Amino acid sequence: YLDVEFEKKILGSVSIVSGLSTFGVAYSSENTGFGSQSSYQARFVSVPILFRWNFMNKNSMFFDFGLSPFYLSRAHLQESIYKFGIKRDVEGDITEYSKRFFTSFKFQQTLAFNRVTFSLFVIVPFPGQSSIKELPEHWTLNQQQSTYLIEGGYKDFVVMGLKTGLRIR
């Protein structure tokens with residue numbers, strides 16, 4: 001996770017925060033009950049637009065919340081299926097066949113000690129935003145074999161994390 005933020009005070013203890021973020025997501029499924037073994041990795045770039053509340057106006061605790069639209073910059077999928085006792089592997093970059101733009105809500109709490117910051121963040125995409133676009137026409141496994149396609153792509157996930165940073169004035 002990499003994050004660069006810019007803050008502009010607008011009224012009292014409230015500021016607008018924006019910048020550039022990049023984060024990765026991944027999953028791995030070994031279950032072959034209804035499809036293939038599946039492994040997915042993706043990298044996203046985001047430009048959040050957040051309101052920041054400077055709690056008690058002491059510059060030591062901040063609460064951020066707002067929209068965080070993000071762009072899929074890279075997606076890689078690997079799947080394996082056993083058919084008639086023979087293992088069949090399919091792997092590739094699926095970025096160009098995936099939906100690229102998503103919208104999410106971001107909440108972040110930051111504690112600041114002098115210039116060092118520690119933040120806890122949660123990114124929650126709006127529901128129903130499937131990552132599948134044209135992949136079924138270009139993927140070797142069909143809709144009944146591919147776990148990724150059966151599940152409707154990578155969707156309805158939550159990104160949570162901790163980050164440390166330095167404040168520059």
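Just so you know, these numbers use all the heavy atoms, side chains as well, and skip hydrogens, waters and symmetry mates. Values in this document were obtained by computation on a predicted structure and should not be read as measured data. For the single chain, residues carry numbers from 1 onward in sequence order.
Judged by distance alone, the side chain of Ser46 and the main-chain N or O of Pro69 form a donor-acceptor pair under 3.5 Å. Remark: side-chain polar atoms of Lys99 are not paired, donor with acceptor, to backbone N or O of Phe102 under 3.5 angstrom. When atom types are taken as modelled, the side chain of Ser18 and the backbone of Pro48 share a donor-acceptor pair closer than 3.5 angstrom. In terms of modelled atom types and a separation under 3.5 Å, the side chain of Gln129 and the main chain of Phe126 share a donor-acceptor contact. Glu79 contributes no side-chain N or O that, together with a main-chain N or O of Leu141, makes up a donor-acceptor pair within less than 3.5 Å. At least one donor-acceptor pair under 3.5 Å links the side chain of Ser73 to the backbone N or O of Arg43.
Comment: Arg52 engages Glu5 in a salt bridge, judged by a side-chain N to carboxylate O separation of less than 4.0 angstrom.
Nearest heavy atoms, Ala112 versus Asn59: CB-O, 3.7 Å. Of all the heavy atoms in Glu7 and Ser15, the pair that sits closest is OE2-OG, 3.2 Å. Looking at every heavy atom in both residues, Ile123 comes nearest to Phe23 through CD1-CE2, 4.1 Å. Of all heavy-atom pairs between Ser98 and Leu72, the closest is CB-CD2, 3.6 Å.
By the neighbour-count criterion of 12 heavy atoms within 6.0 Å, atom CG of Asn57 is densely surrounded, having more than that number from other residues, nucleotides or ligands. Within a 6.0 Å radius of CG in Leu11, no more than 12 heavy atoms belonging to other residues, nucleotides or ligands are found.
Both Ile10 and Leu67 are assigned to one and the same hydrophobic cluster, defined by single-linkage of ILVMFWY side chains at heavy-atom distances under 4.5 Å. The hydrophobic cluster containing Val47 does not contain Val124, counting ILVMFWY residues as joined when their side-chain heavy atoms lie under 4.5 angstrom apart, directly or transitively.
Members clustered with Val17: Leu50, by chain and number, using a 4.5 Å side-chain heavy-atom cutoff among hydrophobic residues.
A donor-acceptor contact under 3.5 angstrom links the side chains of Tyr27 and Ser38, judged on distance only. In summary, the side chains of Ser131 and Tyr40 do not present any donor paired with an acceptor at a separation below 3.5 Å, with no hydrogens or angles considered. Side-chain N/O atoms of Ser119 and Thr110 include a donor and acceptor closer than 3.5 Å. Using modelled atom types, one finds a donor on one side chain and an acceptor on the other under 3.5 Å when comparing His76 with Glu91. Inspection of the Gln78 and Ser39 side chains reveals no N or O donor paired with an N or O acceptor under 3.5 Å.
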*Show your working on side-chain contact (heavy atoms from CB on, under 4.5 Å) between Thr140 and Gln145 and close with a plain yes or no.*
CA-CA 9 Å; Thr140 306; Gln145 297 169 324; over 6 Å; no

*Tell me, with the steps shown, if Met56 and Met61 meet side-chain contact (heavy atoms from CB on, under 4.5 Å).*
CA-CA 8 Å; Met56 294 178 60; Met61 186 183 304; over 6 Å; no

*Any chance you could lay out the ring pair (Phe, Tyr, Trp, His ring centres under 6.0 Å) test for Phe65 and Phe107, step after step, and finish with the verdict?*
CA-CA 4 Å; Phe65 58 93; Phe107 173 79; 7.6 Å; no

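Using cut-offs of 30° and 60° for the angle between ring planes, the Tyr71 and Phe101 rings count as tilted. Using cut-offs of 30° and 60° for the angle between ring planes, the Phe63 and Phe55 rings count as perpendicular.
The six-membered or imidazole ring of Phe51 lies away from that of Trp53, with a centre-to-centre distance of 6.0 Å or more.
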